[in-house]
Amino acid sequence: MTERHPVLAVIGAGPAGLAAASAAAAHGVRVVLIDSAAEAGGQFYRQPAPALRARRPQALHHQWRTWERLRAGLDTHLATGRVTHLNDRHVWCVERESSGSGESDGFTVHALTGPGQEESVAVRADGVLLATGGYEKVLPFPGWTLPGVITAGGAQALLKGGLVLPGRTAVVAGTGPLLLPVAAGLAAAGARVVALVESAGPGNFVRRAPAWATAPRKLAEGAGYAARLLRHRVPVTARHLVLEAHGAERLEYVVVAALDAEGRPVPGSERRVPCDTLAVGHGLLPHTDLAEGLGCRLDGPGVRVDDEQRTDVPGVWAAGETTGIGGATLSLAEGHIAGRSAAARLTGTVPDPRAWAPAARSRTRLRAFFAALDGAYAARPVRWTDQVSDETVVCRCEEVTAGAVREAVGTLGAGDLRTVKLLTRAGMGWCQGRMCEPGVAGVAGCELTPARRLLARPVPLAVLAAPPTDPTPRTQ
C-alpha cells in the first residue's frame, strides 16, 4: 500500500495563497488550491480574460517578475499533481470534522460552483490555510450611489481584469495607499485624472520618517507612483475630502473641501470638480468570515496568528491580508512561512524556523512599516459622519438611510451594531453587511464588531439540503 500524503486546503489564490501552496507542495503535502476567480493571482495580480487577448498585461502591474515566478511555480506543481487548482469555487463554509473523542479529524471545505452558484462541492483536507485577502472599506456620503461612483479597487479591477476604463474624466479620492496605484493606472490607461484627493496630511508622514527607512523598496515604490502621477500631470490634493457627488442621471461633478485640524471641512474652501467617474476608497479590511466561522481568534480586525502563521484553532493557518492589511510583499512572506509550517506539522515533524528566516525578517520589517503607514493615515481622523445627511442611503441592499440609523440610536435606544441591524434591516441584504457595516457603524456611533456569520456567503436552500460532492482526486 502506498503512503497517503496529507492534504492541505489553501483558500485563496492571491500572493499569500500562491506562496503557501508552492511552499507546502514542495515539502511533501498535497495541496488543493481553491479560489473564486477564473484565474490565479488574486486582486493584486488580477489577469485579463483570455478572450481579450491582452498583448501587454504587465503594463497594468508592478512586480510582474514576481508574478511570473509564482505562476511558473504553480504550473510546475500542477503538472506533477502535487497541487490541484479549483477555480470558480466560492467557499461558503469550512467545517471541522470531530472524532468521537472530540479531537479534530480534519476539515471539509464547502464551495459553491457553477454559473449560478447553485451547486456545492466539498473538499476534505487534513489542514486549512486561509489566504482570503481583504476587501474595501466603503464610507457613505451624499451622492455615493450615483452611476459613475465606484470603489478604488473596483476601478482597478476593471482595468486589470476587463481592460476597461470606468470613465474618461476621473477623480480618485478617499484615503490610503491604494489611491496611488489606482490614480497612476487610470492615467496610464488614458483617463484624464483631474484630482487625487487624499484626506491625510503630509505632516503625518514626515513625522514618521524613520519608519520608511525600514522598507526601502516600498519607499521606492511610492516614489515611482509619485513620478508617474507627475508625468501625467495629476494634481494631488492632501488634507481634503469629497463632500458630495452630484449629477442628474449619472455623476457630473464632485464637491471637494479642505479639512481643518479637527477633521471638519473649512468653510468657504468648497470647489466643484467636473468628472464622470469618482473612484473612492477608505482603506481595506481583512476578510475574516471563514476564520470567524471556524472559531479563530481575531487580533483587531485581522486573524491572530503565531510566528508560524498558525491560528489558535489546531490545523488552521492564515496568511496575507486576512491577518492584517500589508500589501503583496508581506503576503508573500507570510504565505511562504505558513506553507512551510503546514507541510511540517501535517507530516508529523517539528518545523525549523531557520528554514524560513529570510521570510521572517521580511515579515518583521514590513509589519513595522505598515503599522507606521496605518498610523500616518489615521493620525488625524476625519469627521466624515458630519457630512452624511439623513437622506443619504447607508445600506444599499435594504435602502436604509442615515436618518433611520440615527433614529434607531437616538429614539429607539440601539446601543450596538446588531441592534441597529435588527431595528433598521441595515446589513440584512445580499452582502450581509460586508459593504455597509463600517458606514452604518460610523453613523450610529457604534463599535465595528465581528458579525460571527455561520456562512461566509449567501447559499441556496437547495445546496444545504443536497449532499455535496468531492471534486478532488484521491491522493495516495
Side-chain angles (χ1 to χ4, degrees), residues 14-16 19 44-45 61-67 69-70 133-134 137 152 172 174-185 196-232 234 236-240 261 281-286 299-302 305-307 309 319-338 353-382:
F44 191 80
Y45 291 117
H61 295 266
H62 66 287
Q63 300 181 15
W64 185 256
R65 291 184 179 178
T66 301
W67 160 247
R69 288 194 297 270
L70 286 171
K137 181 179 179 180
V172 178
T175 191
L178 180 61
L179 302 187
L180 290 173
V182 170
L196 193 165
V197 182
E198 168 61 63
S199 62
N204 302 349
F205 300 89
V206 173
R207 284 188 289 273
R208 290 168 175 79
W212 314 140
T214 63
R217 290 186 180 180
K218 301 302 295 182
L219 192 62
E221 183 181 316
Y225 285 129
R228 290 167 65 183
L229 294 175
L230 184 63
R231 185 165 64 250
H232 290 285
V234 176
V236 178
T237 306
R239 203 61 188 159
H240 278 65
H282 301 94
L284 301 173
L285 292 170
D299 186 5
V305 292
D306 65 9
D307 289 344
Q309 299 295 137
E321 309 276 46
T322 192
T323 69
I325 304 303
T329 306
L330 177 56
S331 294
L332 290 170
E334 291 189 355
H336 178 80
I337 294 169
R354 291 175 298 182
W356 60 70
R361 289 192 293 270
S362 176
R363 178 181 62 182
T364 299
R365 288 195 303 270
L366 289 169
R367 282 180 176 176
F369 175 86
F370 279 99
L373 197 64
D374 287 344
Y377 280 110
R380 293 183 177 180
V382 177

Just verifying a value: how many Å separate Asp307 CG and Arg363 CZ, rounded to the nearest 0.5 Å? 5.5 Å

Tell me whether the rings of Trp212 and Phe369 are parallel (<30°), tilted (30 to 60°) or perpendicular (>60°). perpendicular

Taking all non-hydrogen atoms of both residues into account, name the closest pair between Ile325 and Leu284 and its distance. CG1-O, 3.6 Å

OG1 of Thr364 to CG of Leu330: how many Å apart, nearest 0.5 Å? 9.5 Å

Go through the steps to decide whether Thr175 and Val382 satisfy the test side-chain contact (heavy atoms from CB on, under 4.5 Å), and finish with yes or no. CA-CA 10 Å; Thr175 191; Val382 177; over 6 Å; no

Side chain to side chain donor-acceptor pair (under 3.5 Å) partners for Thr66, two or more places apart: Arg69

A side-chain contact here means heavy atoms from C-beta on lying under 4.5 Å apart; do Arg367 and Glu334 qualify? yes

Could you check whether any side-chain heavy atom of Val234 comes within less than 4.5 Å of a side-chain heavy atom of Val172, counting everything from C-beta outward? no

Let me know which of Ser331, Pro15, Pro286 forms a side-chain contact (heavy atoms from CB on, under 4.5 Å) with Glu321. Ser331

Taken to the nearest 0.5 Å, the spacing of His282 NE2 from Leu179 CG works out to 8.5 Å

Given the rule in the side-chain contact (heavy atoms from CB on, under 4.5 Å) test, do Tyr225 and Glu221 qualify, once you have shown the distances and angles that lead to the verdict? CA-CA 6 Å; Tyr225 285 129; Glu221 183 181 316; 3.8 Å; yes

Do Glu198 and Thr237 have side chains that get closer than 4.5 Å, going by heavy atoms? no

When you look at NZ of Lys218, are more than 12 heavy atoms from neighbouring residues, nucleotides or ligands closer to it than 6.0 Å? yes

Can you tell me how far the CG atom of Leu366 sits from the CZ atom of Arg217, to the nearest 0.5 Å? 10.0 Å

Can you tell me how far apart OG1 (Thr323) and CG (Asp299) are? Round to the nearest 0.5 Å. 9.5 Å

Distance col, row Tyr377:OH vs Phe205:CZ, nearest 0.5 angstrom, shows 4.0 Å

